[in-house]
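Everything numeric in this text was worked out from a predicted model, so none of it was measured. Note that ligands are numbered from 1 as they come in the structure, with each ligand's atoms numbered from 1 the same way.
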Amino acid sequence: MTVHNGEIADIFEQLADLLEIREDNPFRIRAYRNAARVIRGHARSMAELVDAGADLAELPGIGADLAGKIATIVHTGKLPLLDQLRAKVPRPLVDMTRIEGLGPKRAKALYRALRIRSLEDLQRAARSGRIREIKGFGARTEQLIGQRAARIASTERRIKLADAEDIAVPLVEHLRSVDGVKTVEVAGSYRRRRETVGDLDLLVSANRNAAGVMNAFVGYEDVAEVLAKGSTRGTVRLRNGVQVDLRVVAPASFGAALFYFTGSKAHNIAVRKLAIARGLKLNEYGIFRGDRSVGGRTEQDVFDAVDLPFIPPELREDRGEIAAARAKRLPALVEIADIRGDLHCHTKATDGRDSLETMARAAAARGYEYVSANDHTRRVSIAHGMDRRRLLQQVRAIDKLNARLQGIEVLKSAEVDILDNGSLDLPDGVLKELDFTVCAIHYGLNRSREKQTERILRAMDNPYFSILAHPTGRLINAREPYDIDLERVLTAARERGRILEVNAHPDRLDLDDQGCRMAREAGVRLAISTDAHRVADLGLMRFGIDQARRGWLEPDDVVNTRRLADLRRLLRP
Ligand code: DGT
Ligand code: CA
Ligand code: CA
């Protein structure tokens, strides 16, 4: 099991929160918060550094004690000190510190004043208007706390798709090496590429040695608990809490099983109805006429049996895909190979880790035709946002770089902050020097729906507005989307020829799949962008593609599938 920097940072932040609740030494608290920031922002994986025997105490803000704690987390996935502290702080308080925007001090104030015993209690308190009666809390905050508490309670057990991948890939490798195994696939919501998954559903095709497969499964190094173990099916819980189901099937049934366990359940039921109407029986073992098997080795057998073309897993949600397939109107979904460039990238000029040239060369190495520099503007001061002078400097640097570099065009851009009144953070005189802009809200996330929507519409009125970055601002499992009327934003975008971003970062995926579909139906084009802060992040593009496909997008809906000349016309209509 590889522990990721984000997980280590989370542990240190939780430590800091709990220590703050306990009114521990402020220096100690600050040291953990600093360490969390350093680790989260570090280009290299702590796990790799520890493996390589590097001295972590050489990192800024990390002393010998913290270095030892990082090593413990890397080796065991846990930190005993955190468990000890948790045991000393009342459970509802531990839960409440996870509510974004609440923080240890305010959590404690609520806990004391309202005698909150659980997140459900907190939701009830919000509903009955008791939170706003406490000093320092308003009606709006109360509403947000209620929503966030509900969100945490309901998403508790779902993990982000990229995290699921980190868990699934080595486990699949492990099973592939077992004697007799032909194929291993991860089915379920993972294969449908849902943004979060509840559990992993593994499917193994083997014509013999099912017992060996089961033993290898329950004996996997990360297994914490075996919940069930039969001859062809088993369930385990891994050390990180994720549950994994496994099925071993014969190759003759593999396609039918893959179809069944890919789901969704609603899609399965709808397809099975079609099978019944044709006098067939469809289950995880195959397709049957009476007792005779008429297929099931491949998934295509299933679709053939009900006279449908193959439906990509991302569409199998019973949201109209079966009718579309019947009518031969399935979208020809966008693929990673269609992408010709990345339109949201940061460099060292603000909060990125790599230089403009390094980013440009990495994009060229991916086969891209273009890439852009979208560093922050001045309002985002924590990222050392650029003022007019620094942006113009970067524009000149890009001109020089383009004159030197072959095979890739660096586009001049910025991630321009949308100010509270809907104006853009830099004057038009500067913006007109850019090839396009990516515009985003970073502050004032809690405005009312009306205000937030108006703010975006006003920004879109600016003739230099090109792309709305991460349109809802949500962070999966961590921060609610800000309250906007997406339909109005889409209508306004279409009228003005503006583009919306599909931010491919696994924590964001924003717009989400449903948002993509709404945009397509509203006639609004999307840019799938990684928001890369380092070279490696350019590889996150595929997570954006996943959600775009779930949102029925075709290459034509996505601007960065265009050649540069065509793209320019869309960026500056
Ligand atoms: P998750 O794990 O909550 O992210 O979502 P899924 O879709 O992976 O759901 P899961 O793990 O409960 O089941 C995996 C697949 O197995 C599901 O997508 C469809 C199939 N399945 C499960 N239960 C049923 C059922 O009662 N009827 C049918 N037709 N299919 C089922
Ligand atoms: Ca599942
Ligand atoms: Ca399951």
Side-chain angles (χ1 to χ4, degrees), residues 151-169 171-172 175 184-205 213-214 217-218 220 223-230 232-238 240-249 253-278 280-288 296 299 301-303 305-306 308 311-319 321-322 476-477 506 509 512-514 543 546-547 549-550:
R151 174 78 156 236
I152 288 177
S154 75
T155 58
E156 194 89 281
R157 297 182 198 296
R158 299 193 67 84
I159 59 165
K160 285 177 267 196
L161 182 58
D163 295 338
E165 224 173 77
D166 289 335
I167 296 163
V169 169
L171 176 51
V172 166
L175 292 172
V184 184
E185 285 278 356
V186 188
S189 51
Y190 180 95
R191 185 162 178 250
R192 303 197 312 278
R193 308 309 285 166
R194 270 192 69 178
E195 62 185 34
T196 60
V197 308
D199 72 355
L200 290 170
D201 305 282
L202 263 53
L203 204 58
V204 170
S205 163
V213 177
M214 291 311 302
F217 178 57
V218 301
Y220 184 57
V223 169
E225 192 183 351
V226 179
L227 302 174
K229 183 181 180 231
T232 61
R233 62 176 81 176
T235 301
V236 298
R237 184 163 30 244
L238 302 178
N240 50 29
V242 173
Q243 204 164 304
V244 187
D245 286 339
L246 174 80
R247 283 282 194 126
V248 187
V249 300
S253 295
F254 186 69
L258 184 57
F259 174 81
Y260 182 89
F261 290 107
T262 296
S264 65
K265 188 172 163 181
H267 175 89
N268 286 356
I269 291 170
V271 172
R272 196 190 305 136
K273 265 193 199 142
L274 296 180
I276 291 168
R278 285 163 177 73
L280 299 169
K281 191 173 86 186
L282 173 63
N283 60 28
E284 65 261 52
Y285 301 103
I287 308 142
F288 301 89
E299 249 186 350
D301 288 353
V302 175
F303 291 108
V306 293
L308 290 179
I311 300 176
E314 295 91 330
L315 297 184
R316 300 184 199 167
E317 297 289 350
D318 196 22
R319 292 184 186 145
E321 72 278 9
I322 291 169
I476 300 176
N477 287 357
L509 302 177
D512 66 3
D513 52 355
Q514 303 273 49
F543 292 105
D546 288 336
Q547 299 313 306
R549 290 169 62 87
R550 287 180 56 80

Any protein heavy atom sitting closer than 4.0 Å to [atom]?
atom	result
atom 20 (C) of ligand 1	yes
atom 8 (O) of ligand 1	yes
atom 29 (N) of ligand 1	yes

Can you give the angle Asp201 OD2 - the Ca ion (ligand 2) - Asp199 O, rounded to 10°?
-> 100°
Identify, by atom number and element, the atoms of ligand 1 in contact range of [X], meaning under 4.0 Å from any of its heavy atoms.
X	answer
Arg272	29 (N)
Arg158	1 (P), 3 (O), 4 (O)
Val197	4 (O)
Gly198	1 (P), 2 (O), 3 (O), 4 (O)
Thr262	18 (O)
Asp201	8 (O), 11 (O), 14 (C)
Ser264	18 (O)
Gly188	8 (O)

Output the distance between atom CE (Met214) and atom CG (Leu175), rounded to the nearest 0.5 Å.
-> 9.5 Å
Tell me which protein heavy atom sits closest to atom 4 (O) of ligand 1, plus the residue, atom name and distance to 0.1 Å.
-> Ser189 OG, 2.5 Å
Report the nearest protein non-hydrogen atom to atom 17 (C) of ligand 1: residue, atom name, distance rounded to 0.1 Å.
-> Gly263 CA, 4.0 Å
Distance only, no hydrogens: is a donor on one side chain within 3.5 Å (strictly under) of an acceptor on the other, for Arg158 and Thr196?
-> yes
Quick one: do the Arg316 and Ser264 side chains pair a donor with an acceptor below 3.5 Å?
-> no
Leu200: heavy atom below 4.0 Å from ligand 1, yes or no?
-> no
Are any of the side-chain nitrogens in Glu321 or Arg549 under 4.0 Å away from the carboxylate oxygens of its partner?
-> no
Contact partition for Asp199 relative to ligand 1, non-hydrogen atoms under 4.0 Å = both
Is it the side chain, the backbone, both or neither of Arg194 that has a heavy atom closer than 4.0 Å to ligand 1?
-> neither
Would one find an N or O of Arg192, backbone or side chain, under 3.5 Å from an N or O of ligand 1?
-> yes
Name of whichever N/O/S atom of Asp245 is nearest to the Ca ion (ligand 3) = OD2
When Glu284 is tested against each of Arg247, Arg233, Arg272 for salt bridge (Lys or Arg N to Asp or Glu O under 4.0 Å), which residue passes?
-> Arg247
Note: heavy atom closest to atom 31 (C) of ligand 1, options Tyr260, Tyr190, Phe259, belongs to Tyr260
Is the Phe259 ring parallel, tilted or perpendicular to the Phe303 ring (thresholds 30°, 60°)?
-> perpendicular
